[in-house]
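Everything numeric in this text was worked out from a predicted model, so none of it was measured.
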Amino acid sequence: MTEILRVENLKKSYDGFLAVNGVSFSVEQGELKALIGPNGAGKSTCFNMLMGQLKPTEGDVWFDGEKITGKLPREVWRRGVGRTFQITGTYQSMTVIENVQMALMSHHGKLFSIQPRAWKLYREEAFEFLETVSMQDQADRPCSILAYGDLKRLELAIALTHRPRLLLMDEPTAGMAPSARVELMQLVADIVRDQGVSVLFTEHDMDVVFAHAHHIMVLNRGELIADGNATEVRNNPQVQEVYLGGGTLFKEAEDA
């Protein structure tokens with residue numbers, strides 16, 4: 001597999017406090033990788049440095065062989081890195097398909113030259129992205145009346161409009177019902193498999209993580225304490241201590 005993201009000795013300090021301390025890892029093309037850890041572990045800080053919202057105190061980030069450390073978020077986005085957020089940010093006054101059309105206009109450089117008939121621009125392409133997330137039947141519904149799980153799927157469609165090679169997903173299932181969480185992450189897994197997109201996601205739902213992630217990384221107090229497959233992480237004593245005070249993450253019977 002081809003390495004798409006490489007992080008080397010990433011650090012972020014706030015007045016002497018290391019929120020992220022010497023984190024190094026890589027993500028392969030077509031890999032679905034999870035970054036987990038308790039609240040305050042440094043997951044969001046790490047994500048913000050990868051996407052350019054925060055400048056690292058030390059360390060470097062490489063995307064597709066190019067150093068992107070210190071690049072602005074839009075520059076990182078233009079290079080092929082997308083992101084979804086824990087809290088959705090769709091235009092509530094617009095329809096589902098109009099939200100996707102707006103993202104496509106931005107991708108094609110048409111956002112600042114909107115014409116009276118802008119509602120016709122990229123409509124067919126937008127519909128194809130809605131089909132990818134199984135929302136084509138809701139294309140003309142206002143976002144203001146969507147269920148939260150549907151808003152999450154719409155946000156995923158929007159993130160895919162510039163055809164990223166790497167997608168960062170921050171708590172993609174937060175606030176969703178258990179069944180909707182499974183459906184969304186299966187959809188993400190299908191996109192990874194079918195389109196070869198790499199996905200790095202943070203998540204608190206361990207059922208989601210262990211069911212779908214190819215590999216799992218664990219942060220604790222800003223330091224990476226584990227990086228491996230589900231079995232390796234589940235049986236890691238440090239991980240068990242962090243999550244359950246020395247217990248086990250799952251019963252062996254659940255592996256059957």
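- Between M217 and V233, every side-chain heavy-atom pair lies at or beyond the 4.5 Å cut-off.
- With hydrogens and angles ignored, the 3.5 Å screen pairs no side-chain donor or acceptor of E131 with any backbone N or O of Q136.
- For S13 against G16, the heavy-atom pair with the smallest separation is OG-N, 3.5 Å.
- A cation-pi arrangement is found for K12 relative to Y14, the charged atom lying closer than 6.0 Å to the ring centre and inside a 45° cone about the ring normal.
- Under the 4.5 Å side-chain heavy-atom criterion for Ile, Leu, Val, Met, Phe, Trp and Tyr, M169 and I158 are members of the same hydrophobic cluster.
- A side-chain donor from one of Q186 and D190 sits under 3.5 Å from a side-chain acceptor of the other.
- In this structure, L10 is a member of the same hydrophobic cluster as L166, with clusters built from ILVMFWY side-chain heavy atoms closer than 4.5 Å.
- Looking at R165, its side chain never comes within 3.5 Å of a backbone N or O of G80 through a donor-acceptor pair.
- Of all the heavy atoms in N9 and S24, the pair that sits closest is N-OG, 2.7 Å.
- Considering every non-hydrogen atom in both V81 and H162, the closest pair reads O-NE2, 3.6 Å.
- Smallest separation of non-hydrogen atoms from F63 and R79: CE2-O, 3.0 Å.
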Decide salt bridge (charged side-chain N to carboxylate O under 4.0 Å, His left out) for R163 and E125; before the verdict, give the C-alpha distance in whole Å, the side-chain angles of both, and the deciding distance to 0.1 Å. CA-CA 12 Å; R163 304 186 187 279; E125 188 178 355; 3.8 Å; yes
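- The side-chain heavy atoms of H215 and E31, taken from C-beta on, include a pair separated by under 4.5 Å.
- Side-chain atoms of Y148 and D150, non-hydrogen and from C-beta on, never get closer than 4.5 Å to each other.
- Smallest separation of non-hydrogen atoms from H212 and A189: ND1-CB, 4.3 Å.
- Side-chain contact between W77 and M51 is present, with heavy atoms from C-beta onward closer than 4.5 Å.
- Without hydrogens or angle criteria, Q240 side chain to R234 main chain gives a donor-acceptor distance under 3.5 Å.
- The environment of CZ in R6 is crowded: more than 12 heavy-atom neighbours from other residues, nucleotides or ligands sit within 6.0 Å.
- A side-chain donor-acceptor contact under 3.5 Å links T173 and E203.
- Residue V239 comes nearest to A226 through the heavy atom pair CG2-CB, 3.6 Å, listed as atom of the first residue, atom of the second, then distance.
- At distances below 3.5 Å, at least one donor-acceptor pair connects side-chain atoms of S198 with backbone N or O atoms of G30.
- In this structure, F17 CZ and D15 CG are separated by 11.0 Å, a value rounded to the nearest 0.5 Å.
- To the nearest 0.5 Å, atoms OG1 (T132) and CG (L156) are separated by 8.5 Å.
- No side-chain heavy atom of V199 sits less than 4.5 Å from a side-chain heavy atom of V27.
- With D170 as reference, R83 is the one residue of R83, K43, K152 to meet the salt bridge (Lys or Arg N to Asp or Glu O under 4.0 Å) rule.
- Residues D140 and T95 have side chains that never bring a donor and an acceptor to within less than 3.5 angstrom of each other.
- Looking at R123 and F127, their side chains never come closer than 4.5 Å, going by heavy atoms from C-beta outward.
- Side-chain contact between M185 and P172: present, with at least one pair of heavy atoms (C-beta onward) separated by less than 4.5 Å.
- Going from atom SG of C143 over to atom CD of E155 covers 11.0 Å, rounded to the nearest 0.5 Å.
- L168 has its side chain out of reach of T202: every pair of non-hydrogen atoms, C-beta onward, lies at least 4.5 Å apart.
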